[in-house]
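Start at 1 and go down the list; that is how both ligands and their atoms are numbered. Numbering of residues begins at 1 and proceeds along the displayed sequence. Computed from a predicted structure; not experimentally measured.
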Amino acid sequence: MKNNTKLRGWLNDFNLDHPLVIAGPCSAETETQVLQIAHELKNSDVSIFRAGIWKPRTRPGNFEGVGSIGLKWLQKVKEETGLLITTEVANANHVKLALDHDVDVLWIGARSTVSPFIVQEIADALENTDKIVLLKNPVNPDLSLWYGGIERLYTANIKKIGVIHRGFSTYTKTKFRNNPEWQIPIELQSRFPDLPLICDPSHICGRRDIIQEISQKALNLNFDGLMIETHNAPDTAWSDAAQQITPKNLIKLMNDLVIRNESLRESSFINELENLRVKIDDADSQILDILGNRMKVSDEIGKIKKKQNVAILQSSRWKDILEKMISGGKEKGLSEQFILKIFKAIHQESINHQENILKN
Ligand code: PEP
Ligand code: MN
């Protein structure tokens, strides 16, 4: 597959002077809930109403979606509000049911994108379709798997394709539910500048207080749209309660976003600078995560030392660490002076942590 301006055709057809907005609850819960949210979003920047009908849950026993009855509620949303409708499909049967109920946009979830079998099954079921099909990134940070999914759709002659960036799973905890790893969608965007790219800040953040910030960042990186989970009573939502926002707050969020004009968006200097800044920000936040995790390990060591009544400072061990870091640093072009400064500061922080543990 090659970049081609036709890839943007379906997005251009919306004729918007703002980013494309997809909003609605994580899950359809009841007909009343679905319709209430949709009516509150009717006269806003939202073009497409989302609701999960079949919910892929990490653990069994959680709410797994209302099933196909929810498709009737979505059809009612379209009739009553004129919004287009979208839901997640994860197999050929979902596709059939969604098409039978005239769902306009189908999205493939992160847990499906990891499986070439599933993506192929969905691509086959959608062969030659005129519907819009959006592919979320796989849960693991693997660009070629994401790209492979796009190719499968493209090869099935699906003409209206877009991608959704929803962040990536990590083993260590960060402030995000799914780490954005912005360099991955940026790389995809540089290969396919015309492939519509949508950000899902809800699943990146996992918490509503940083959705605005991440939405703005996505727009600064030239994303074409946002998918934001929106619920009439977010705190009591049956899934993803912590990350959903009310329709009123979604409208405020959209109003507060700074949308850059086209000439600025096309300036390659600004793009390059912004992309590099993203890499620096990513690296800095990784440094913080690593330092935080290192101090946690220090705390554990402090607890053991306390129990065994061992002195905090063990200078031979410290000397070994420094030597190793100086030679490792050299290989990466970092001066001895810099390594000494950094590791002395880290070491001092560890000692402070362990002293606190001994005191308490
Ligand atoms: C969702 O959009 O509700 C969802 C399940 O998303 P993801 O596939 O990104 O986890
Ligand atoms: Mn969700």
Side-chain angles (χ1 to χ4, degrees), residues 20-29 33-34 37 41 46 48-60 62-67 70-71 73-74 84-91 94-95 98 103 105-115 118-119 122 132-142 145-146 149-150 153 162-170 176-182 184-185 188 197-208 210-211 214-215 218 223 225-246 250:
L20 178 74
V21 189
I22 304 172
C26 176
S27 306
E29 297 166 6
Q33 169 242 17
V34 166
I37 301 168
L41 294 174
V46 176
I48 306 174
F49 183 82
R50 65 152 279 156
I53 300 294
W54 302 284
K55 298 304 299 177
R57 306 312 300 273
T58 305
R59 308 271 311 274
N62 291 328
F63 172 60
E64 292 190 331
V66 292
L71 293 169
W73 309 340
L74 283 178
L84 298 187
I85 50 175
T86 183
T87 197
E88 173 174 352
V89 290
N91 59 41
H94 293 166
V95 169
V103 169
V105 179
L106 298 91
W107 92 76
I108 299 173
R111 290 165 193 76
S112 298
T113 310
V114 290
S115 164
I118 293 181
V119 176
I122 296 170
I132 299 166
V133 181
L134 304 175
L135 183 73
K136 287 198 170 195
N137 63 260
V139 280
N140 53 324
D142 184 341
L145 199 53
W146 197 5
I150 301 165
L153 299 178
V163 288
I164 303 177
H165 168 232
R166 50 76 83 196
F168 301 88
S169 221
T170 49
F176 299 107
R177 176 177 177 196
N178 292 293
N179 212 23
E181 315 247 19
W182 293 104
I184 295 180
L188 188 65
L197 172 61
I198 292 164
C199 180
D200 171 349
S202 307
H203 289 89
I204 290 176
C205 300
R207 47 188 258 211
R208 61 182 74 91
I210 49 175
I211 287 178
I214 293 302
S215 303
F223 278 60
L226 299 167
M227 178 192 255
I228 300 184
E229 286 188 340
T230 312
H231 195 285
N232 54 324
D235 282 328
T236 53
W238 297 1
S239 60
D240 289 352
Q243 70 195 31
Q244 304 209 55
I245 60 176
T246 59
L250 177 83

Glu229 and ligand 1 - part of the residue with a heavy-atom distance under 4.0 Å: side chain

Euclidean distance, Thr86 OG1 relative to Met227 CE, rounded to 0.5 Å: 5.5 Å

Contact between Ile228 and Val21 at the side-chain level, heavy atoms closer than 4.5 Å - yes or no? no

Tell me: protein heavy atom nearest atom 8 (O) of ligand 1, and distance? Ala110 N, 2.9 Å

Rounded at 0.5 Å granularity, tell me how far CD1 in Ile214 sits from OG in Ser202. 11.5 Å

CZ/Arg50 to OG/Ser27 distance, rounded to the nearest 0.5 angstrom? 7.5 Å

Measure the shortest side-chain to side-chain distance between Asn137 and Leu188 over non-hydrogen atoms and say whether it is less than 4.5 angstrom. no

Please lay out, stage by stage, how Trp73 and Phe49 fare under the test ring pair (Phe, Tyr, Trp, His ring centres under 6.0 Å). CA-CA 11 Å; Trp73 309 340; Phe49 183 82; over 10 Å; no

Do me a favour and list the nearest non-hydrogen protein atom to atom 6 (O) of ligand 1 with residue, atom name and distance? Lys136 NZ, 2.9 Å

Shortest-distance N, O or S atom of Glu229 relative to the Mn ion (ligand 2): OE2

Please evaluate residues Asp240 and His203 with respect to the criterion side chain to side chain donor-acceptor pair (under 3.5 Å), reporting the C-alpha separation (whole Å), side-chain torsions for both, the decisive distance (0.1 Å), and the verdict. CA-CA 9 Å; Asp240 289 352; His203 289 89; 3.1 Å; yes

So the atoms of ligand 1 within less than 4.0 Å of a heavy atom of Arg166 turn out to be 7 (P), 9 (O), 10 (O)

Asp200 to ligand 1: N or O pair under 3.5 Å? no

In terms of residue, atom name and distance, what is the protein heavy atom nearest to atom 5 (C) of ligand 1? Glu88 OE1, 3.7 Å

Among protein heavy atoms, which lies nearest atom 4 (C) of ligand 1, and at what distance? His203 NE2, 3.5 Å

Considering only heavy atoms of Lys55, which atoms of ligand 1 have at least one such atom less than 4.0 Å away? 1 (C), 3 (O), 5 (C)

CD1 on Ile198 to NE2 on His165, rounded to 0.5 Å: 13.0 Å

Measure the shortest side-chain to side-chain distance between Leu134 and Ile132 over non-hydrogen atoms and say whether it is less than 4.5 angstrom. yes

What N, O or S atom of Asp240 is found closest to the Mn ion (ligand 2)? OD2

Taking only heavy atoms of Cys26, which atoms of ligand 1 are found under 4.0 Å from at least one of them? 3 (O)

Numbered in order shown, the ligand 1 atoms found under 4.0 Å of a heavy atom of Gly109 are 8 (O)

Judging by distance only, is a nitrogen or oxygen of Asp240 under 3.5 angstrom from one on ligand 1? no

